[in-house]
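In what follows, chains are A, B, ... by sequence order, proteins preceding strands, each numbered from 1. As the structure is a prediction and not an experimental result, all values here were calculated from the model.
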2 protein chains.
Amino acid sequence: MALMVSVHRMPGHIIRRLHQISTAVFTERMARIGEEITPVQFASLAAIRTHPGLDQATLAGLVAYDRVTIGGVVDRLVAKKLVARTVSPKDRRARVLTLTPEAEALMQALEPKVEAFQADILVGLTGEERETLIRLMSKVVEAGNALSRAPQTGDDA
Amino acid sequence: MALMVSVHRMPGHIIRRLHQISTAVFTERMARIGEEITPVQFASLAAIRTHPGLDQATLAGLVAYDRVTIGGVVDRLVAKKLVARTVSPKDRRARVLTLTPEAEALMQALEPKVEAFQADILVGLTGEERETLIRLMSKVVEAGNALSRAPQTGDDA
DNA sequence: ATGTATTAGGTAGTATGCTTATTAAATATC
DNA sequence: GATATTTAATAAGCATACTACCTAATACAT
């Protein structure tokens with residue numbers, strides 16, 4: 001009988017499960033406060049809020065999605081009337097993104113709540129373990145940034 | 001000026017980036033050895049190999065995907081002639097899954113290689129840090145299993 | 001044994017997350 | 001100043017990863 005390999009101890013599988021739990025907790029907490037904002041949409045809104053007037057390519061770099069995905073995310077945010085998209089007068093290829101007043105109000109209400117439940121994602125850990133885990137994951141993300149298909153670019157303010 | 005919150009230090013965002021890097025490394029390494037097996041397909045093949053004759057719902061539980069996703073994954077594995085799907089004689093609702101001889105040979109060749117490059121996913125860490133990271137991520141995955149929409153069920157052999 | 005509940009797999013629909021290819025506009029180069 | 005390259009966005013297509021709902025088949029409870 002050949003050696004049987006289980007995926008359950010492979011980093012790739014564990015990371016996928018962690019991501020699955022993370023998004024489930026995010027979605028559940030968001031639903032609990034009556035909102036239907038996805039993790040990707042929240043990150044995009046936060047980045048547009050910090051960098052108003054940025055274009056889609058810059059947004060993609062800040063949050064580290066590829067540009068095609070960002071296009072779809074912005075489509076949905078525009079449909080929800082949370083983002084205004086206009087052609088840049090400086091560069092007519094680019095689309096300038098800003099939050100609508102509704103989105104400003106929404107993010108002001110949402111950000112502290114999202115901050116607060118982030119710790120709940122790393123369930124079952126002591127405070128110290130949580131710190132260690134975040135530090136080590138961040139280290140891998142920094143070292144592996146260029147390996148991903150949509151590396152993070154620009155500041156991390 | 002309101003407090004501006006960046007997602008870059010939020011666990012949810014870091015986990016998503018980690019997952020993004022993980023799948024990119026997997027895809028790149030797989031391409032390097034001339035195969036087009038996705039992480040999900042590899043995990044499914046490994047589970048079917050360990051539990052030949054299992055049905056799709058059992059497979060979904062073992063690898064912790066929802067049943068609809070597994071249905072699509074199995075569709076593609078059947079199309080690639082890597083998995084045989086037949087109606088169970090015991091329960092005519094169920095589909096019994098087994099590897100084809102091609103898939104057996106493929107997995108025998110693939111498993112040591114995939115095992116070997118798993119460490120490359122956790123780039124930029126010392127061996128000790130890698131151990132710690134895997135241990136802490138596993139702890140969260142165990143504690144948070146029930147929180148995900150598709151919890152892992154059955155053994156982890 | 002019979003009606004109820006549960007379960008396996010499916011369809012339809014939404015949202016990522018990526019690929020390659022195309023269009024249009026800006027920039028670099030000669 | 002004409003041309004070549006690069007860049008921003010989109011289109012089309014594939015593969016997850018879910019929800020809600022549907023049908024068929026099985027289990028179970030009385």
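- Judged purely by atom type and a 3.5 angstrom limit, B:Thr100 uses its side chain to pair as donor or acceptor with the backbone of B:Lys81.
- Judged by distance alone, with hydrogens and angles left aside, the side-chain atoms of B:Thr27 form a donor-acceptor pair with the main-chain N or O of B:Thr23 at under 3.5 Å.
- Here C:dT27 presents its P atom at 11 Å from NZ of A:Lys90, a figure rounded to the nearest Å.
- The nearest whole Å value for the distance from the CG atom in B:Leu18 to the P atom in C:dG17 is 14 Å.
- Side chain to side chain, B:Arg9 and A:Gln118 fail the donor-acceptor criterion of an N or O pair below 3.5 Å.
- Atom C1' of nucleotide D:dT10 and atom CG of A:Asp55 are separated by 14 Å, given to the nearest angstrom.
- Taking only side-chain nitrogens and oxygens, B:Gln20 comes nearer than 4.0 Å to OP1 or OP2 of C:dC18.
- Atom CG of A:Asp75 is separated from atom P of D:dA8 by 18 Å (rounded to the nearest Å).
- Salt bridge annotation for A:Arg49-A:Glu104: present, with a cationic side-chain nitrogen under 4.0 angstrom from a carboxylate oxygen.
- Comparing A:Thr58 and B:His19 by the nucleotide of DNA chain D whose heavy atom lies nearest to each, the residue mapping closer to the 5' end is A:Thr58.
- Each of C:dA8, C:dT16, D:dA9 was ranked by its minimum atom distance to the side chain of A:Val73; first place goes to C:dT16.
- Regarding contacts with the backbone of C:dA8, a side-chain N or O of B:Arg67 is found under 4.0 angstrom from either OP1 or OP2.
- With rounding to whole Å, A:Glu36 atom CD is found 12 Å from C:dT14 atom P.
- Across the interface with DNA chain D, nearest-nucleotide mapping of A:Gly71 and A:Thr23 shows A:Gly71 to be the residue nearer the 5′ end.
- Residue whose closest nucleotide on DNA chain C sits further toward the 5' end, between A:Tyr65 and A:Pro89: A:Tyr65.
- In the set D:dC18, C:dT19, D:dA25, the nucleotide with an atom closest to the side chain of B:Asp66 is D:dC18.
- One can place CE of A:Met30 at 12 Å from P of C:dT16, the figure rounded to the nearest angstrom.
- When each of D:dT10, D:dT16, C:dA15 is scored by its nearest atom to the side-chain atoms of A:Arg76, the top-ranked nucleotide is C:dA15.
- A donor-acceptor contact closer than 3.5 angstrom links the side chains of B:Asp66 and B:Thr69.
- The interatomic distance linking A:Phe26 (CZ) with C:dA15 (P) rounds to 14 Å, in whole Å.
- Residue contacts shown for B:Thr38 are limited to sugar-phosphate atoms, with no base heavy atom under 4.0 Å away.
- If you check every strand for non-hydrogen atoms under 4.0 Å, B:Arg92 touches sugar and phosphate atoms only.
- Here B:Arg85 reaches the OP1 or OP2 of C:dG10: one of its side-chain N or O atoms lies under 4.0 Å away.
- Backbone-only engagement by A:Arg149 is indicated by non-hydrogen atom pairs under 4.0 Å involving sugar-phosphate atoms exclusively.
- Of the two residues near DNA chain C, A:Val68 and B:Asp91, the one whose nearest nucleotide lies more 5' is B:Asp91.
- At whole-Å resolution of the value, NE2 in B:His13 and P in C:dG17 are 11 Å apart.
- Dashed line: the shortest gap from a side-chain N or O of B:Arg93 to OP1 or OP2 of C:dG10 is not under 4.0 Å.
- Distance check: A:Arg95 CZ to A:Thr58 OG1 gives 13.5 Å after rounding to the nearest 0.5 Å.
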